[in-house]
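Scroll down for the structure; my scribbles are underneath it.
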Amino acid sequence: MEWQQLEYFQTVARLQHMTMAAESLSVSQPALSRSIARLEKELGVPLFERSGRSIALSRYGKLFLERVNRILREYQEGRKELADLLHPDHGEVSLGFLHTLGYEQIPSLIADFHRRYPHIQFQLHEHSTPRLLQQLEEGDIDLCMASPRDTALRFHWEELWHDELCVIVPQRHRLAEAGSIRLNEIRDEPFIPFKKGFGMRHITDELCRKAGFEPTIAFQGDEVTTIEGFVAAGLGVAIVPNQKSLNREEVAVLSVREPVCRRLIGISWVEGRYLSPAAVRFRRFVIERYRGGHGNADGQ
């Protein structure tokens, strides 16, 4: 069995299409097919079920893929660890974070970190909390900054700060000049929340339940700017993080007296998995920054 065979198998298993896999690997399709056939012969089991041009992993292939993923991940981490030992002041951090942190907190954080470690680079991934946890589990990212989520996986969470959440309403809304409200004062309004699967959607639903009502959903979005635009157009109200980037000429920003409206933001990583010196330095920098009092209730 050759190392290249494992890489070929992994790519075919991921794409489940021989022609696409051959193009991705820059090899001919006949060569790829022969490599997979040799691997199946050596293992003594069919790794794929074939139907015309379509292929799918067999039950043996699914079991073998788990081991291959682990082997290749260990190999890549070993290469990365050796490279990091040779260049401890360089390196790359793969960081995942919530969309709503990309307007202020993450740019500010990375800018401050870069002043101290100018040669460390970043790969940035913006997603919802469930998707970030999936990427963290699969090893696609080193660290993620998101809202804590109950999980059976071996993630470690470190609390950082609480974000204040606010209600935004159209400028001509009856409550636009109120400054602050109780959440149940907008119980009869159409809501424009984040789409299901986003942490902010879960928080919005929970806050409305605490206030004694189920929100009437008018539209859904996956970006603060989109939701803000719909609110500004008079199509509903929304609960969003209270950020400086909110256009206060287009929407009125209201604080909430009851219930307490905020979300916890933390940083997470997989226990026991190798982290590069660059990722360890960034993790330490982030934790020390917020433990040192630089973060507050509104995440600034």
Side-chain angles (χ1 to χ4, degrees), residues 1-87 90-97 121-144 146 149 151-155 197 222 268-279:
M1 184 182 299
E2 299 176 359
W3 186 264
Q4 189 180 64
Q5 286 179 297
L6 300 181
E7 294 180 322
Y8 284 6
F9 165 70
Q10 186 187 56
T11 302
V12 175
R14 175 170 56 86
L15 297 176
Q16 297 197 32
H17 193 285
M18 198 65 74
T19 301
M20 292 174 60
E23 292 175 354
S24 174
L25 293 164
S26 299
V27 298
S28 70
Q29 185 172 331
L32 179 59
S33 297
R34 287 194 297 271
S35 176
I36 296 298
R38 286 197 303 270
L39 181 60
E40 290 178 318
K41 184 177 180 179
E42 185 173 344
L43 294 172
V45 294
L47 298 174
F48 296 95
E49 296 172 351
R50 296 163 175 84
S51 177
R53 294 186 177 182
S54 300
I55 60 172
L57 282 170
S58 67
R59 66 188 184 94
Y60 305 110
K62 291 176 182 177
L63 289 172
F64 189 57
L65 179 61
E66 292 181 10
R67 303 293 184 177
V68 169
N69 285 341
R70 191 177 305 166
I71 291 168
L72 294 179
R73 185 183 302 124
E74 287 290 332
Y75 170 68
Q76 293 297 335
E77 289 184 358
R79 289 185 59 182
K80 185 177 178 182
E81 187 171 3
L82 292 175
D84 291 336
L85 290 173
L86 292 173
H87 305 285
H90 292 68
E92 184 177 78
V93 181
S94 183
L95 174 67
F97 55 91
Q121 303 301 312
F122 284 82
Q123 280 190 6
L124 303 177
H125 305 261
E126 296 181 68
H127 290 292
S128 62
T129 295
R131 176 60 181 142
L132 290 173
L133 294 181
Q134 181 183 358
Q135 288 186 297
L136 199 58
E137 179 190 7
E138 294 174 353
D140 294 333
I141 58 177
D142 302 317
L143 305 163
C144 81
R149 180 67 62 90
T151 173
L153 300 173
R154 52 193 178 98
F155 297 145
D222 52 16
S268 182
W269 60 94
V270 177
E271 290 280 14
R273 180 177 294 168
Y274 171 74
L275 281 179
S276 69

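In terms of heavy-atom proximity, Leu57 sits nearest to Gln16 at N-OE1, 4.3 Å. For the pair Gln10 and Asn69, the tightest heavy-atom approach, listed with the atom from each and the gap, is NE2-OD1, 2.8 Å. Counting all heavy atoms, side chain and backbone alike, His125 lies closest to Ser94 at NE2-OG, 3.3 Å.
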Begin with the C-alpha distance, continue with both residues' side-chain angles, and end with the deciding distance and a verdict on side-chain contact (heavy atoms from CB on, under 4.5 Å) for Ser35 and Gln4.
-> CA-CA 9 Å; Ser35 176; Gln4 189 180 64; 5.8 Å; no
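Between the side chain of Ser268 and the backbone N or O of Phe155, no donor-acceptor pair lies under 3.5 Å. A donor-acceptor pair under 3.5 Å links the side-chain atoms of Glu40 to the main chain of Leu47, judged by distance alone.
Shown here are the ring pair (Phe, Tyr, Trp, His ring centres under 6.0 Å) partners of Tyr75, two or more places apart in sequence or in another chain: Trp3. The side-chain hydrogen bond (donor to acceptor under 3.5 Å, both in side chains) test applied to Glu77 returns no partner, not counting sequence neighbours. The ring pair (Phe, Tyr, Trp, His ring centres under 6.0 Å) test applied to Phe9 returns Phe48, Phe64, not counting sequence neighbours.
Between the side chains of Gln134 and Arg131, at least one donor N or O lies within less than 3.5 Å of an accepting N or O.
Taking a 6.0 Å sphere around CZ of Arg273, one finds it holds more than 12 heavy atoms contributed by other residues, nucleotides or ligands.
Comment: Arg14 does not engage Glu138 in a salt bridge, judged by the lack of any side-chain N to carboxylate O separation of less than 4.0 angstrom.
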